[in-house]
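Keep in mind that this is a model prediction, so the values were computed, not measured. Within every chain, numbering begins at 1; the chains are lettered A, B, ... in the order of the sequence lines, protein sequences first and strands thereafter.
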Number of protein chains: 2
Amino acid sequence: MSTRRTGAVTMHEVAALAGVSIKTVSNVVNGYQYIRPATREKVEAAIAELGYQVNVSARNLRRGRTDLIGLAVPELSLPYFAELADSVIRAAEARGVTVLIEQTGSSRERELEVLSGQRRHLTDGLIFSPLALGQQDHDALQVDFPMVLLGERIFGGPADHVTMNNVEAARSATAHLLGLGRRRIAVIGAHEGEMMGSAALREKGYRQALEEAGVPFDPALLAEAGLWHRATGAEAMHRLLDAGVEIDAVFGLNDALALGALHALHARRIDVPGKIAVIGFDDIEETAYSSPTMSTVAPGREQIAQTAVDLLLARIADPDPDRPYQRVVADFTIVGRESTLGEGAPAQAAPLRTAS
Amino acid sequence: MSTRRTGAVTMHEVAALAGVSIKTVSNVVNGYQYIRPATREKVEAAIAELGYQVNVSARNLRRGRTDLIGLAVPELSLPYFAELADSVIRAAEARGVTVLIEQTGSSRERELEVLSGQRRHLTDGLIFSPLALGQQDHDALQVDFPMVLLGERIFGGPADHVTMNNVEAARSATAHLLGLGRRRIAVIGAHEGEMMGSAALREKGYRQALEEAGVPFDPALLAEAGLWHRATGAEAMHRLLDAGVEIDAVFGLNDALALGALHALHARRIDVPGKIAVIGFDDIEETAYSSPTMSTVAPGREQIAQTAVDLLLARIADPDPDRPYQRVVADFTIVGRESTLGEGAPAQAAPLRTAS
DNA sequence: TTGTAGGCGTTATCAG
DNA sequence: CTGATAACGCCTACAA
């Protein structure tokens, strides 16, 4: 039976068997340098014989630290967040810490819970990708534990940020479509009235690109979609088509929306990109395999994940609130595929990457 | 500053402020029933005033339990496992426990680590979806902590199992294609020489269906694919087509493989399902949005997740190894979509579900 | 280089 | 219904 289940083996027992003190066992377990080789061997033999493993709870209590960090995302069933979680877990692992994932389900209530819940006492810090929270929740964001925020939704607050340049990226995506001669570019996923969120920033970039190209902005081309899922993207696309708006391109504010739109266009037998070109945002793996393969904005997921973990660990190591909070802006690239470039476009093997 | 960062508030301080003993605070915190309302209020007021939160590490040490369960999966970037993790997290949450995800990267070494690693001392039990481990690792699976195994790869061993009827499900999927008049059905994702894994079982079901229909088995129709990713599925499809094998249908042993095959067929301008019909396995959300939408086997993910969590919690509550280990077989359904039924097929809104 | 003492914050026990 | 007290197993001093 288990060392844990049945009268767990403790350092005391190891010490007794090895004929040393408990402290020496602790030193061996923690890789303390100055131990006589003979002693070390005795202890290691005892550990092996008894199958001893440290009691993490006791260590955590004593150290006041768990080496566990939280990652709060809307849902793992959204591919972008699943891929992000994958990257964060790998980055954390490389640095010797473990990730505890929390799903907020995009609900404001759950996001507030994440900031105040019991689970904060199990982790040393939090990487938080909020969706529903906004400027109005400024107070709730005044947390007293190390936190790194992902995305540009929230400013201020005592937290480091890892963001991307949403405006610039959206401008590039739109410019990509404009450069291909498209003039009636629909936007799917707009959030009316929003000021700070990704939707607002990406719409802003879209408008900037139009303006630079001298193409008039037409509000009829904006389709709302609260949740950025495939289903809502498909619905929005159908609404636009039903409304009879003239369209020659679609900019999905994330890939799920764009893939939903692609699905809707397929269902209506509308040629992509012949009649309507489509571009998304996030570069989830699925975009390299859709039919047609889908152009998108690659936000540098690995860089975001690694930077977030590094910033968080630095903040955990030195939580001093007077140390300035950082804001890191990740790079992005435009990935051109069939949904905008047509059938001759490079396949997933060698995506055309337009540095921005 | 934080209750945690700076001299955390303890029960002692709460007790002092409320004018009660520390035990009474503990009782209030843990929802003990027999407390005078007046006392409870005093304590709650003190808790609120000081912003007290229990120290989870101390509680865990004392209780000898963390209310944390592990979930070991190959990779979250594989949609099936991301969706499974989502379901497991929800199921666990509903039962008051938290899930700690571990990625094994499908490597045998990492899978063995999961069974022996330090992290096992942080969790009360483990839900494990092994991929690389097999019958030869029988010894490593003789673990001394509560474990639930997902999938049919491993038998024996002191663990509860949640599996699906892979043979029967694959037989149904193949029968679905045969029922549509297909006779040259390729299989993508075969593992030559494997006896117990999903690949072997699903191939077995495929053969059974052929035999029942009186269609001869042709080894040339089997395409190997070690990793069940989109990329390997696409490669395998290309190999089959390059070999000039006559094919009128494809059975991808999981959805990623089938989606990769779909991608390859699209790249070669081969009509699906006109020329080749395609069916997958797993029913990931992506299959309802691909072009064409893809038929697949739905393995009852929610049921699997909930059952796994329930079995694990039962085993944690009563780890007695003499209590018989259970094996639960989840239900499945065949979801018919455009990739086999053609353009008139029901869309994702109302999938045709053939009960099996 | 190794040993001893004490406490991290909580919960269980058992009186009262 | 509430209080005092003793562990839970480890690690940080400090001493030897």
Length of the line joining [X]:[atom1] and [N]:[atom2], which is rounded to integer Å:
X	N	atom1	atom2	value
A:H12	C:dT4	NE2	C1'	11 Å
A:E13	D:dC8	CD	C1'	13 Å
A:Q53	D:dG9	CD	C1'	15 Å
A:H121	C:dT10	NE2	C1'	14 Å
A:I22	C:dG6	CD1	C1'	12 Å
B:D67	C:dT10	CG	C1'	14 Å
A:N60	C:dT10	CG	C1'	14 Å
A:N27	D:dG9	CG	C1'	16 Å

From CA spacing to verdict: side-chain contact (heavy atoms from CB on, under 4.5 Å), A:L78, A:Y80 = CA-CA 6 Å; A:L78 295 175; A:Y80 176 72; 5.6 Å; no
Closer than 4.0 Å, any side-chain N/O of [X] to the OP1 or OP2 of [N]?
X	N	result
B:S26	C:dT11	yes
B:S57	C:dG9	no
B:Y52	C:dT10	yes
A:R59	D:dC11	yes

Nearest-neighbour nucleotide for the [X] side chain, [options] considered:
X	options	value
A:K23	C:dT10, D:dA13, D:dT2	D:dA13
B:I35	C:dT1, C:dT10, D:dT2	D:dT2
A:S21	C:dT4, C:dG9, C:dT11	C:dT4

Whether [Y] and [X] form a salt bridge (side-chain N of Lys/Arg under 4.0 Å from carboxylate O of Asp/Glu) is what I want to check.
X	Y	result
B:E93	A:R110	yes
A:R90	B:E75	yes
B:R95	B:D310	yes
A:R323	A:D318	yes

message = So for B:R62 and D:dA7, does any side-chain atom that can act as donor or acceptor lie under 3.5 Å from a complementary atom in the base?
response = yes
Remember a base hit wins even if backbone is also touched, and classify [X] as base, sugar-phosphate or nothing at under 4.0 Å, heavy atoms.
X	result
A:V20	sugar-phosphate
B:N30	sugar-phosphate
B:T39	sugar-phosphate
A:L61	base
B:V54	sugar-phosphate

query = If you draw the axis of the six-membered ring of B:Y325, does the NZ or CZ of B:R315 fall within 45° of it and under 6.0 Å from the ring centre?
reply = yes
request  = Would you kindly compare B:T24 and B:R63 by the position of their nearest DNA chain D nucleotide and give the one closer to the 5′ end?
outcome  = B:T24
